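FYI, side chains are in, hydrogens and waters are out, and symmetry mates aren't considered; it's all heavy atoms of this structure. Just so it is clear, the model here is predicted, and its values are computed rather than measured. The residues of the chain are indexed from 1 along the displayed sequence.
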Amino acid sequence: LGSVMVRADINLRLTDAESGRTLGAFTDDFKVGRPTLPESVQLAVFKLCQQAAPRLVQKIKSSFSN
């Protein structure tokens, strides 16, 4: 049996609401595989919530802490 591979990408752009100017852009991605597509998608969503989101928060905090 093989694995169904899924690539998950998250792209976050912070934009000034008044000027429309981009204040920051942040990305994260990873590749996961499980025996079925639903299992791969479920794992990808889990990793987005549990791993990618906290990393993005840290990237945002560090870029605006200057």
Side-chain angles (χ1 to χ4, degrees):
L1 291 174
S3 288
V4 178
M5 300 303 293
V6 172
R7 180 177 166 164
D9 300 299
I10 186 167
N11 300 297
L12 175 66
R13 182 174 305 276
L14 298 175
T15 306
D16 184 301
E18 292 180 13
S19 69
R21 186 174 143 256
T22 298
L23 302 173
F26 309 91
T27 65
D28 205 344
D29 64 82
F30 48 88
K31 192 173 174 183
V32 297
R34 287 291 182 261
T36 67
L37 180 59
E39 289 173 331
S40 290
V41 170
Q42 183 179 14
L43 179 58
V45 170
F46 175 81
K47 285 187 174 240
L48 282 174
C49 295
Q50 296 296 317
Q51 295 177 13
R55 283 196 300 252
L56 287 177
V57 169
Q58 287 306 314
K59 288 178 183 179
I60 293 166
K61 283 182 178 180
S62 67
S63 70
F64 287 100
S65 64
N66 299 334

By side chain to side chain contact (heavy atoms under 4.5 Å, CB included), which residues pair with [X], not counting sequence neighbours?
X   : answer
Q58 : K61
V4  : L37, S40
K31 : M5

Inset, instruction - Sequence neighbours left out, what pairs pass salt bridge (charged side-chain N to carboxylate O under 4.0 Å, His left out) with at least one residue falling in residues 43-52? - result: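 Of all non-adjacent pairs touching residues 43-52, none passes salt bridge (charged side-chain N to carboxylate O under 4.0 Å, His left out).
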Legend entry - Pairs satisfying salt bridge (charged side-chain N to carboxylate O under 4.0 Å, His left out), at least one member in residues 51-60, at least two apart: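 Qualifying pairs, neighbours excluded: D28-R55.
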For residues 16-25, dump all side-chain donor-acceptor pairs below 3.5 Å to protein atoms at least two apart in sequence or in another chain.
| from | atom 1 | to | atom 2 | distance (Å) |
| --- | --- | --- | --- | --- |
| D16 | OD1 | E18 | N | 2.8 |
| D16 | OD1 | S19 | N | 3.0 |
| S19 | OG | R21 | N | 3.1 |

Legend entry - Atom CD of Q42 with >12 non-hydrogen neighbours under 6.0 angstrom: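 At most 12 heavy atoms, drawn from other residues, nucleotides or ligands, come within 6.0 Å of this atom.
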Inset, instruction - Check F30 against A44 and note the closest heavy-atom contact, atom names and distance. - result: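 F30 and A44 have their closest heavy atoms at CZ-O, 3.6 Å.
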Legend entry - Heavy-atom closest pair, residues F64 and L14: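 Where F64 meets L14 most closely, the heavy atoms are CE1-CD1, 3.8 Å.
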Legend entry - Qualifying residues under side-chain hydrogen bond (donor to acceptor under 3.5 Å, both in side chains), relative to E39, sequence neighbours excluded: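 In terms of side-chain hydrogen bond (donor to acceptor under 3.5 Å, both in side chains), with neighbours along the sequence ignored, E39 is linked to T36.
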Legend entry - Under the side-chain hydrogen bond (donor to acceptor under 3.5 Å, both in side chains) test, residues paired with T27 that sit two or more places apart: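 None.
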Legend entry - Partner residues of R34 under the salt bridge (charged side-chain N to carboxylate O under 4.0 Å, His left out) criterion, sequence neighbours left out: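 In terms of salt bridge (charged side-chain N to carboxylate O under 4.0 Å, His left out), with neighbours along the sequence ignored, R34 is linked to no residue.
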Legend entry - Which residues share a salt bridge (charged side-chain N to carboxylate O under 4.0 Å, His left out) with D9, sequence neighbours left out: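 Per chain and number, D9 pairs via salt bridge (charged side-chain N to carboxylate O under 4.0 Å, His left out) with R7.
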Inset, instruction - State, yes or no, whether a side-chain contact exists between I10 and F26 at a heavy-atom distance under 4.5 Å. - result: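 No - every pair of side-chain heavy atoms lies 4.5 Å or more apart.
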Legend entry - Same cluster (ILVMFWY, side-chain, under 4.5 Å), V57 and V45: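 Shared cluster, no.
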